[in-house]
2 protein chains.
Amino acid sequence: MKNITLKEIAETLGISITTVSKALKNYPDVSPRTRQAVMNLAHQLQYTPNSFAVNLRTQESKTIGLIIPEVVHHFFSSVINGIIAEAEKNGYLVIILQSNESLELEKKQVALLLSKRVDGILMSLSNESNDDEHIREIIHKGIPFVQFDKISKLIHSSKVIINDQLAAMQAVQHLIDNGCKKIAHIRGPVNPQNAIDRFLGYKKALEKNTIPFDSSLVYTCQRVSFEEGYAFAEQIKKEHPDVDGVFVITDLVAVGVLAYFNENQIRVPDDVAVIGFSNWFMSQVITPKLSTVDQPSDEMGTRAFQLLLEQMIARRDQKPFQAQTIELKTAVVQRESTRKKS
Amino acid sequence: MKNITLKEIAETLGISITTVSKALKNYPDVSPRTRQAVMNLAHQLQYTPNSFAVNLRTQESKTIGLIIPEVVHHFFSSVINGIIAEAEKNGYLVIILQSNESLELEKKQVALLLSKRVDGILMSLSNESNDDEHIREIIHKGIPFVQFDKISKLIHSSKVIINDQLAAMQAVQHLIDNGCKKIAHIRGPVNPQNAIDRFLGYKKALEKNTIPFDSSLVYTCQRVSFEEGYAFAEQIKKEHPDVDGVFVITDLVAVGVLAYFNENQIRVPDDVAVIGFSNWFMSQVITPKLSTVDQPSDEMGTRAFQLLLEQMIARRDQKPFQAQTIELKTAVVQRESTRKKS
DNA sequence: GAAAACACCGAAAACGTTTTCGATTTGATA
DNA sequence: TATCAAATCGAAAACGTTTTCGGTGTTTTC
């Protein structure tokens, strides 16, 4: 039951701890004979180094922290997938924390990870985040750090993002190209950068097509939920019966919109076209199939980790490191909810 | 940038490291004066204990490992949610590993967690798991361990499960109660206990209703995917045009079944009733809304962690510990895909 | 045959904490 | 005043590893 240590190997072999350690780590200054003996015994005894001791000695834990707003979320779970796969491939483990979109929790969790002395931190901001203190703390402490998806533009760090503004423009343009004249937008909360950018993209697309912007056509989610989509769909139809296109902040909400339309004999896309964002799995199985903007979630995870790894290596080797921003490609994917109008 | 230590506090205050440590940990044998001084300085300097050192000294890391087959999966992501919430509440962090349904990876990951010396391990088996060695290793080493969802009955450990056999029986009974006479079953892979139990439940329900069991009505998934559901639906309709009910291993596959039926003018539930399992979010938004068996995924996570915590505490206090099995309640939830036939 | 090079090994410090146990001081008691 | 108890502190060991540096002994070189 007791875990075996270098000391025990050393004692049974009648040599020093130092030599055992060196034999195991392929140091050149140990004879083939002793190395073999050590290796054999270590293997036979199933020796595994005590990682607590290794951590203390080397001052690194080969563990990174990940803070995301939500785990039960198709997009984020895909990102997690990418991160832990890439991390494991490179010998790192991932501790996952969930901010539940709460700034307060997010701050606690940053402190927690810092006190745990993870080798790096990966983070997507909560919707409440309008305050940077805790993030600056990470950077100030010199902990490798990269933001992805929901980022703060004010923080100088590596980032993996998409061009939300452009993607949103393309989505709205797609609506227009399919004959929509009056387009509503169900946007995300006020703080997150991507909600802001998508809103800006919406505005720009209208502008480009000389469609006047009407702020009463913009509906703002608080919780970004299915229920909100459902409720806003109803509200839109009440307040603007002639709306013929809706651009929705994310697929989950868009599915709520579709649910209301379906239940109330409002034909999609004939009466109203709907386009979502993120390309959740769900979108391809509902009726009508939801058009959306595809966003490479898995890749976002792997790239984010790679960036973090670069920075962790630079730190270990005391080399300078330049923060980088990677912008991933998005693509409008057309499905049934935006078929062209005759 | 440098992290501050007990030693530095001790030196600037002109007292010993011991006293500083004791002051911070509320030992009784330090005077109010010095305690206050230490507290103040520690706070001012933002001292946080070096967890590497604490780990080494206390031989625990306040970190647990979690191995699941898949992260991008509604059920599992819900369980993760429950686990990390409950863990954090109790001061534990969670390292998540994904076996990708591969036994080989699963074994590596167990070894990894063992070498990282996590305080406990939570695990749901991969579909490939038909071999116990690595699990027995965990138990043999005395590491607290609890299985959930996809478990091995042969391993003696705490477990959090549902009564798959009963739940499946109820699902099939529900189909029968709604007028189905010839019921197909799309089952999960051969190894997992829950696939076996659900199949057994299917058989028992037929038996109870004196419907003859026909093995050609049973279709076996390999990957438990949407696509398989789609393909099996086609196959079922070809081989058994008179099938009027399908019980499917899980909602994702059932959604594939619905997709095929929808596209081929096979009316659900009028021609064929369909019931899934697990109550994924998706099920309530597709057309027709999918009947299913609700399974408390979040709670499964919290209960699993609680069981693990009990065992970790018992181990720390050198108290004996009895493995427990918690059986969570399931419930058939009726939606549109199984409306009663006239 | 002396000097230099080489091969092999181990002592010891260091990482930063926790905890035991003994030492010292102070105040109270007989 | 001598004794005892209580209050306060610190030395030191321990957790298990990594790595530097110096010390042997052996072999090569001129």
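Residue numbering restarts at 1 for every chain, and letters A, B, ... go by the order of the sequence lines.
To the nearest angstrom, P of D:dC15 lies 6 Å from NZ of A:K7. If you measure from atom NZ of B:K22 to atom C1' of C:dA23, you get 12 Å, rounded to the nearest angstrom. Rounded to whole angstrom, the span from the CD atom of A:E11 across to the P atom of C:dG10 amounts to 13 Å. When rounded to the nearest whole Å, the span between CD of B:Q59 and C1' of D:dG16 equals 9 Å. For the pair A:I4 CD1 and D:dC15 P, the computed distance is 15 Å after rounding to whole Å. If you measure from atom CG of A:N55 to atom C1' of D:dC15, you get 13 Å, rounded to the nearest angstrom. Rounded to an integer number of Å, the gap from CD1 of A:I17 to C1' of C:dA13 is 13 Å. Per the geometry, CG belonging to A:L6 stands 16 Å off P belonging to C:dC9, to the nearest Å.
Using modelled atom types, one side-chain atom of B:S124 and one backbone atom of B:F148 make a donor-acceptor pair closer than 3.5 Å. Between the side chain of B:N191 and the backbone N or O of B:N127, at least one donor-acceptor pair lies under 3.5 Å. Side chain of A:K150 to main chain of A:P69: no donor-acceptor pair is present (N/O by atom type, distance under 3.5 Å, no hydrogens or angles).
Interface residues of residues 23-41 of chain B facing DNA chain C, ordered by number: B:K25, B:Y27; criterion, heavy-atom separation under 4.0 Å. Looking at residues 42-50 of chain B, you'll see B:Y47, B:P49, B:N50 sit with a heavy atom under 4.0 Å from some atom of DNA chain C. Only at 4.0 angstrom or more do the heavy atoms of residues 112-120 of chain B sit from any atom of DNA chain D, so none qualifies.
Phosphate contact (OP1/OP2 of D:dT17, side-chain N/O of A:S21, threshold under 4.0 Å): absent. OP1 or OP2 of D:dG10 has at least one side-chain nitrogen or oxygen of B:T19 nearer than 4.0 Å.
Residues passing the side chain to side chain donor-acceptor pair (under 3.5 Å) test with B:N26: none are found, sequence neighbours excluded. Remark: B:S78 engages A:V72, B:H74, B:S297 in a side-chain contact (heavy atoms from CB on, under 4.5 Å) (not counting sequence neighbours). The side-chain contact (heavy atoms from CB on, under 4.5 Å) search around A:K7 returns A:T5, A:E11, A:I17, not counting sequence neighbours. Judged as a side chain to side chain donor-acceptor pair (under 3.5 Å), and not counting sequence neighbours, B:K159 has no contacts.
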Please list every donor-acceptor pair under 3.5 Å in which a side-chain atom of residues 82-92 of chain B meets a protein atom from a residue at least two apart or in another chain.
unit_1	atom_1	unit_2	atom_2	d
B:E86	OE1	B:K89	NZ	3.4
B:E86	OE2	B:Q306	NE2	3.1
B:E88	OE1	A:Q109	NE2	3.2
B:E88	OE2	A:Q109	NE2	3.1
B:N90	ND2	B:E86	O	2.8

Using atom types as modelled, flag every donor-acceptor pair under 3.5 Å from a side chain in residues 318-325 of chain A to any protein atom, sequence neighbours excluded.
unit_1	atom_1	unit_2	atom_2	d
A:Q324	NE2	A:E310	OE1	3.0

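Note: B:H73 and B:F76 have tilted aromatic rings, judged against thresholds of 30 and 60 degrees for the angle between ring planes.
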Every protein N/O lying under 3.5 Å from an N/O of nucleotides 23-28 of chain D:
none

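Taking every heavy atom of both residues into account, A:S61 and A:V118 meet most closely at OG-CA, 4.0 Å.
Nearest to the side chain of B:T18, among D:dG10, D:dT20, C:dC15, sits D:dG10. The A:L56 side chain lies nearest to D:dG16 when the options are C:dT20, D:dG16, C:dT17. Side chain of A:S16, nearest nucleotide from D:dT17, C:dC15, C:dA11: C:dA11.
The stretch residues 30-51 of chain B participates, sequence neighbours left out, in these side-chain hydrogen bond (donor to acceptor under 3.5 Å, both in side chains) pairs: B:S31-B:T34. Screening residues 96-128 of chain B for ring-ring contact (aromatic ring centres under 6.0 Å, His included), with sequence neighbours left out, gives no hits.
With respect to A:K22 and A:D29, a salt bridge is recorded, a charged nitrogen being found less than 4.0 Å from a carboxylate O.
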